[in-house]
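Notes for the one structure printed next.
Note that ligands are numbered from 1 as they come in the structure, with each ligand's atoms numbered from 1 the same way.
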Amino acid sequence: MTPGSPPTGNDGRPPLLVTRHLPEAVEARAARDYDARLNPQDVVHDGAALARLARGCPGILVTTSERLDAAAIAALPDEVRIVATYSVGVDHIDLGAASARGLVVTNTPDVLTDATADAAMLLILGAARRAGEGERLVRAGQWKSWTPTLLLGVQVTGKRLCILGMGRIGQAVARRARGFDMEVHYSTRRRLPPEQEQGATWHADPEEMLPLADFLSINCPLTAETRGWLDGRRIALMPDGAVVVNTARGPIVDDDALIAALRSGKLAAAGLDVFTNEPDLDPRYLDLPNAFLQPHLGSATVETRNAMGFRALDNLDAFFAGREPPDRVA
Ligand code: 8YV
């Protein structure tokens, strides 16, 4: 080993801690190319366990279930040089603390764009058309006859969709929404070029678009600025009977405000794939028939979860070959 180069296992392959049980094809590639420390029991590790397990590992492949705050980063053994997260979101990692310590951090953009946008459409349709209530009714054996007024929902076709955050995923949601003849509005700090905007209407101030939001799709990252963004005051700006969907991060929504609006009928429905403190979501959602709930499945297709793993490994491969990892975020 040359000075400064990462420690390697006995056969020359770098030790790699893989914190969660990943799809078979991903684990097979990790085990082929690394001295991989896998987690077949899929135990969720806290910061202290992570620090212990990372001993001797220059690379760790984490997921959003590991909170790498400043304390967890400080506790990592010195030999850890790169953290590759199996996610596009990086809100679970204190990037400043990682950089200050000289840690390289990478994520997995692009490969989950389509699956997550598909999931946003699922939530739009499922929430608007009361798919959860319908399924529960059928499964409970309580569907007695076709009824002209049974579970009437909100029409999706032709409505206005407002997208908060028009990055890769927001733009993919917009493309799908156009197939439903929806009128797309969006808000980002900077207006997109026309080829990306595709006729959508830009609002510099996201509050300006809320009165138009028959549907609001949250597709922005969780940052200090977006935490708690959808609060009671902003929900009040939306049309009565609007629908909110969130495939981004739970804490962007103020749960008290959203639950109050779903209870009062101010909002017709919400479709939620992400939650504050998931999987221990606010239990009040469980009693709300107009909340269409999914357990953070936005990227959960075989193709996408494999591609996320391969992308994380591509970044690790580049790092250990002495190249700049393509998806470096710190
Ligand atoms: C991941 C996600 O599947 O990539 C992200 O940021 O939220 C999800 O799509 C999940 O977080 C796995 O780490």
Side-chain angles (χ1 to χ4, degrees), residues 16-27 30 38-39 42-47 50 59-69 72 82-95 98 105-123 163-173 176 217-223 226-227 229 245-253 271-281 293-316 325-330:
L16 174 70
L17 173 66
V18 180
T19 60
R20 298 295 303 274
H21 178 39
L22 299 180
E24 199 182 331
V26 178
E27 290 197 343
L38 302 176
N39 179 2
D42 205 25
V43 177
V44 180
H45 303 302
D46 62 14
L50 206 61
I60 54 178
L61 201 169
V62 303
T63 73
T64 50
S65 52
E66 288 81 42
R67 183 131 299 280
L68 284 173
D69 56 14
I82 176 167
V83 174
T85 183
Y86 183 76
S87 61
V88 66
V90 289
D91 50 283
H92 55 301
I93 303 174
D94 185 329
L95 296 180
V105 180
T106 65
N107 71 341
T108 62
D110 303 321
V111 289
L112 45 65
T113 298
D114 286 329
T116 308
D118 290 351
M121 290 312 296
L122 170 74
L123 295 185
I163 300 177
L164 183 70
M166 192 72 153
R168 289 170 289 248
I169 297 173
Q171 289 174 46
V173 173
R176 285 153 177 75
S217 178
I218 299 174
N219 296 105
C220 57
L222 173 64
T223 62
T226 62
R227 185 175 291 276
W229 188 84
V245 306
N246 188 4
T247 49
R249 285 292 181 267
I252 298 168
V253 167
L272 305 174
D273 186 51
V274 288
F275 302 88
T276 293
N277 202 30
E278 60 187 50
D280 300 320
L281 67 158
L293 309 175
Q294 291 286 299
H296 200 147
L297 295 179
S299 63
T301 68
V302 174
E303 296 91 331
T304 295
R305 288 283 165 86
N306 281 344
M308 288 166 67
F310 298 151
R311 186 90 173 213
L313 289 169
D314 289 345
N315 280 293
L316 288 159
D327 305 312
R328 183 168 180 177
V329 290

Got the closest protein heavy atom to atom 9 (O) of ligand 1, with its distance? S299 OG, 2.9 Å
Nearest-neighbour protein heavy atom for atom 4 (O) of ligand 1, which is reported as residue plus atom name and distance: V88 N, 2.8 Å
Numbered atoms and elements of ligand 1 in range of [X], under 4.0 angstrom, heavy atoms:
{"X": "M308", "result": "1 (C), 3 (O)"}
{"X": "S87", "result": "4 (O), 5 (C), 6 (O), 13 (O)"}
{"X": "T64", "result": "10 (C), 11 (O), 12 (C), 13 (O)"}
{"X": "L112", "result": "4 (O), 9 (O)"}
{"X": "T63", "result": "13 (O)"}

Any nitrogen or oxygen of G89 lying under 3.5 Å from a nitrogen or oxygen in ligand 1? Just yes or no.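 So ligand 1 has an N or O lying under 3.5 Å from an N or O of G89.
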Please say whether Y86 places an N or O atom under 3.5 Å from an N or O atom belonging to ligand 1. yes
Considering the options [options], which one meets the side chain to side chain contact (heavy atoms under 4.5 Å, CB included) requirement together with [X]?
{"X": "H21", "options": "D42, V26, L38", "value": "D42"}
{"X": "R168", "options": "D114, V88, T116", "value": "V88"}
{"X": "T226", "options": "I218, D91, I252", "value": "I252"}
{"X": "L61", "options": "T19, L313, N315", "value": "L313"}

Residue selection (non-hydrogen contact nearest atom 6 (O) of ligand 1) among H296, E278, R249, R305: R249
Is there a heavy atom in R20 that sits closer than 4.0 Å to ligand 1? no
Distance in Å, R249 CZ paired with T276 OG1, rounded so as to fall on 0.5 Å steps: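 One finds 11.5 Å between CZ of R249 and OG1 of T276.
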Gap between atom OG1 of T108 and atom CG of D314 - 0.5 Å precision: 11.0 Å
Are any non-hydrogen side-chain atoms of H296 and F275 less than 4.5 angstrom apart?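 The answer is no; the side chains never approach within 4.5 Å.
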Decide yes or no for D46 and R67: does some side-chain heavy atom of the first lie under 4.5 Å from some side-chain heavy atom of the second?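 No, their side chains stay 4.5 Å or more apart.
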Quick one: look at T108 and ligand 1, take heavy-atom pairs under 4.0 Å, and tell me if it's side chain, backbone, both or neither.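 Answer for T108: neither.
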